[in-house]
Amino acid sequence: MGPTIILLFSGKRKSGKDYLTDKLKGLLSDKCQILKISEPIKSHWAKMKNLNLDDLLSDKEYKEQYRLEMINWSDEMREKDYGCFCRTACQNAPIKPIWIVSDIRRKTDIQWFKENYGDRIKAIRIIADDETRRKRGFEYKEGIDNVTSECDLDDYTTWDLVVDNGRNGKPLEEQLNQILELIKL
Ligand SMILES: Nc1ncnc2c1ncn2[C@@H]1O[C@H](COP(=O)(O)OP(=O)(O)O)[C@@H](O)[C@H]1O
Ligand SMILES: C[C@@](O)(CCOP(=O)(O)OP(=O)(O)O)CC(=O)O
């Protein structure tokens, strides 16, 4: 059976993917499950390097030390099987009416979900101005912020919804209601 709708969230570092999806989870409660494509990547890295997985999964600075090597390793894996991390994230997920995937980063992520879940998916882009991102702790890094991991969806145009979570954004409640409207369609 699987979920009836899958919300795919994409956005640059510190745009607010985890923030908004956590708030959404608070509204949808046990009708939804948050999935992270980065979870299997970070689990592998935590095991390989004996790292703290909870800290890797948090928004702490800790994960930034390992981001580049996780990007490079995971890109090598995707070369062989572009949906490997999407598949792992989904196969471990409990079946709920709504899945929220909080960290879509590549066109191949969207491609895999379209191939496997068809018209049940809704793609949502979260944007935030650089000043706001910087206030949230973002620092531009060459080799991180100018590569596929952060840029592959910059030219993707067929979003079901774009949410501005920056200084020009609507109040949080309005942002969340826009997303909930997608679920009703
Ligand atoms: N609208 C907002 N209001 C207040 N704090 C926010 C908002 N959006 C994001 N944040 C905070 O900014 C930081 C980065 O947000 P996060 O969701 O972790 O970004 P991302 O997952 O896109 O990297 C977090 O500390 C989060 O709590
Ligand atoms: C190797 C990664 O999966 C690490 C992703 O870590 P997070 O999902 O924690 O990133 P942000 O929340 O945007 O800061 C990125 C990738 O290219 O797959």
Side-chain angles (χ1 to χ4, degrees), residues 1-46 52-63 70 74 83-106 109-128 132-133 135-138 153 156 158-185:
M1 173 70 178
T4 51
I5 190 160
I6 302 173
L7 301 177
L8 304 179
F9 282 84
S10 164
K12 292 195 179 282
R13 294 196 296 142
K14 304 297 183 188
S15 59
K17 298 183 295 297
D18 288 333
Y19 179 85
L20 286 176
T21 52
D22 286 346
K23 294 288 185 190
L24 201 54
K25 167 80 177 152
L27 293 177
L28 294 170
S29 188
D30 61 355
K31 289 199 291 293
C32 76
Q33 178 68 33
I34 292 183
L35 282 61
K36 295 178 186 294
I37 295 173
S38 61
E39 204 279 338
I41 298 168
K42 292 176 176 180
S43 292
H44 172 85
W45 222 250
N52 183 308
L53 179 56
D54 287 339
D55 285 347
L56 279 181
L57 289 167
S58 77
D59 69 343
K60 291 183 185 147
E61 186 57 26
Y62 177 82
K63 69 182 174 184
M70 292 193 292
S74 63
C84 61
F85 300 115
C86 299
R87 191 179 307 113
T88 303
C90 290
Q91 71 192 18
N92 298 339
I95 296 301
K96 300 267 184 166
I98 301 164
W99 278 352
I100 298 170
V101 184
S102 65
D103 59 353
I104 293 288
R105 311 186 93 92
R106 294 166 175 80
D109 295 339
I110 298 180
Q111 177 189 345
W112 187 87
F113 277 95
K114 275 187 175 158
E115 286 167 351
N116 288 276
Y117 295 98
D119 60 2
R120 285 183 276 175
I121 68 167
K122 298 286 182 191
I124 300 159
R125 181 74 163 178
I126 302 173
I127 61 174
T132 299
R133 292 172 64 208
K135 283 180 184 164
R136 294 170 181 166
F138 171 73
L153 290 171
Y156 186 81
T158 51
W159 300 106
D160 293 286
L161 177 65
V162 177
V163 176
D164 186 340
N165 184 39
R167 62 168 175 238
N168 300 323
K170 296 177 175 151
L172 175 64
E173 195 182 342
E174 267 188 66
Q175 289 177 2
L176 295 172
N177 284 336
Q178 282 182 295
I179 298 166
L180 292 175
E181 280 306 305
L182 281 182
I183 296 170
K184 288 189 186 122
L185 293 183

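Heavy atoms only: backbone and side chains are in, while hydrogens, waters and symmetry mates are out.
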Worked verdict on Leu161 versus Lys122 for side chain to side chain contact (heavy atoms under 4.5 Å, CB included): CA-CA 8 Å; Leu161 177 65; Lys122 298 286 182 191; over 6 Å; no
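- Residues Ile37 and Phe113 meet the side-chain proximity criterion, which asks for heavy atoms closer than 4.5 Å.
- Scanning for ring-ring contact (aromatic ring centres under 6.0 Å, His included) contacts around Phe9 gives an empty result, with sequence neighbours left out.
- Distance OH/Tyr62 to CG/Leu57: 10.5 Å, rounded to 0.5 Å.
- A donor-acceptor pair under 3.5 Å links the side-chain atoms of Asp160 to the main chain of Ala123, judged by distance alone.
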Donor-acceptor pairs are to be reported for all side-chain atoms of residues 167-174 against protein atoms at under 3.5 Å, with residues two or more places apart or in another chain.
unit_1, atom_1, unit_2, atom_2, d
Arg167, NH1, Glu131, OE1, 2.3

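- Taking both residues in full, the closest heavy atoms of Ile121 and Ile110 are given as CD1-O, 4.3 Å, listed atom of the first, atom of the second, then distance.
- A distance of 13.0 Å separates CZ of Phe85 from CZ of Arg105, quoted to the nearest 0.5 Å.
- The nearest pair of heavy atoms linking Gly83 to Trp112 is CA-CD1, 3.5 Å.
- Asp55 meets the salt bridge (Lys or Arg N to Asp or Glu O under 4.0 Å) test with Lys60; sequence neighbours excluded.
- Residues passing the salt bridge (Lys or Arg N to Asp or Glu O under 4.0 Å) test with Arg87, sequence neighbours excluded: Asp81.
- Listed by chain and residue number, Asp18 satisfy the salt bridge (Lys or Arg N to Asp or Glu O under 4.0 Å) test with Lys36 (two or more places apart in sequence, or in another chain).
- Within the structure, side chain to side chain donor-acceptor pair (under 3.5 Å) contacts touching residues 22-31 (residues at least two apart or in different chains) do not occur.
- Every residue two or more places apart in sequence or in another chain that forms a salt bridge (Lys or Arg N to Asp or Glu O under 4.0 Å) with Arg13 is listed here: Glu64, Asp145.
- In this structure a side-chain-to-backbone donor-acceptor pair under 3.5 Å is present from Gln175 to Asp164.
- In this structure, Asn116 CG and Cys90 SG are separated by 7.5 Å, a value rounded to the nearest 0.5 Å.
- Partners of Arg125 under the side chain to side chain donor-acceptor pair (under 3.5 Å) rule, at least two apart in sequence or in another chain, are Ser10, Asp154.
- Taken to the nearest 0.5 Å, the CD1 atom of Ile41 stands 7.5 Å off from the CG atom of Asp103.
- For Ser15, the side-chain contact (heavy atoms from CB on, under 4.5 Å) partners two or more places apart in sequence, or in a different chain, are Lys17, Ile126, Ala128.
- With sequence neighbours excluded, no residue forms a side chain to side chain donor-acceptor pair (under 3.5 Å) with Trp159.
- In plain terms, the two heavy atoms of Asn165 and Thr132 that are nearest each other are O-CG2, 4.4 Å.
- A donor-acceptor contact shorter than 3.5 Å links the side chain of Arg136 to the backbone of Lys14.
- The two residues Lys96 and Gln33 come nearest to each other via the heavy atoms CG-CB, 3.8 Å.
- With sequence neighbours left out, the side chain to side chain donor-acceptor pair (under 3.5 Å) criterion links Glu115 to Tyr82, Gln111.
- The two atoms that bring Lys42 and Met70 nearest to each other are CG-SD, 3.9 Å, heavy atoms only.
- Under the 4.5 Å side-chain criterion, counting only non-hydrogen atoms from C-beta, Ile100 is in contact with Leu28.
- Considering only heavy atoms from C-beta on, Val101 stays 4.5 Å or farther from Asp109 through its side chain.
- Partners of Glu39 by side chain to side chain donor-acceptor pair (under 3.5 Å), not counting sequence neighbours, listed by chain and number: Ser43.
- To the nearest 0.5 Å, atom CD1 of residue Ile34 and atom CD1 of residue Ile98 are 11.5 Å apart.
- Closest of all the heavy-atom pairs between Cys84 and Thr88 is O-OG1, 2.9 Å.
- Panel note: side chain Trp99, backbone Pro94; a donor-acceptor pair is recorded below 3.5 Å.
- Side chains of Leu24 and Leu7 form a contact here, defined as non-hydrogen atoms less than 4.5 Å apart.
- Taking SG from Cys32 and CD1 from Ile6, the interatomic distance works out to 13.0 Å, rounded to the nearest 0.5 Å.
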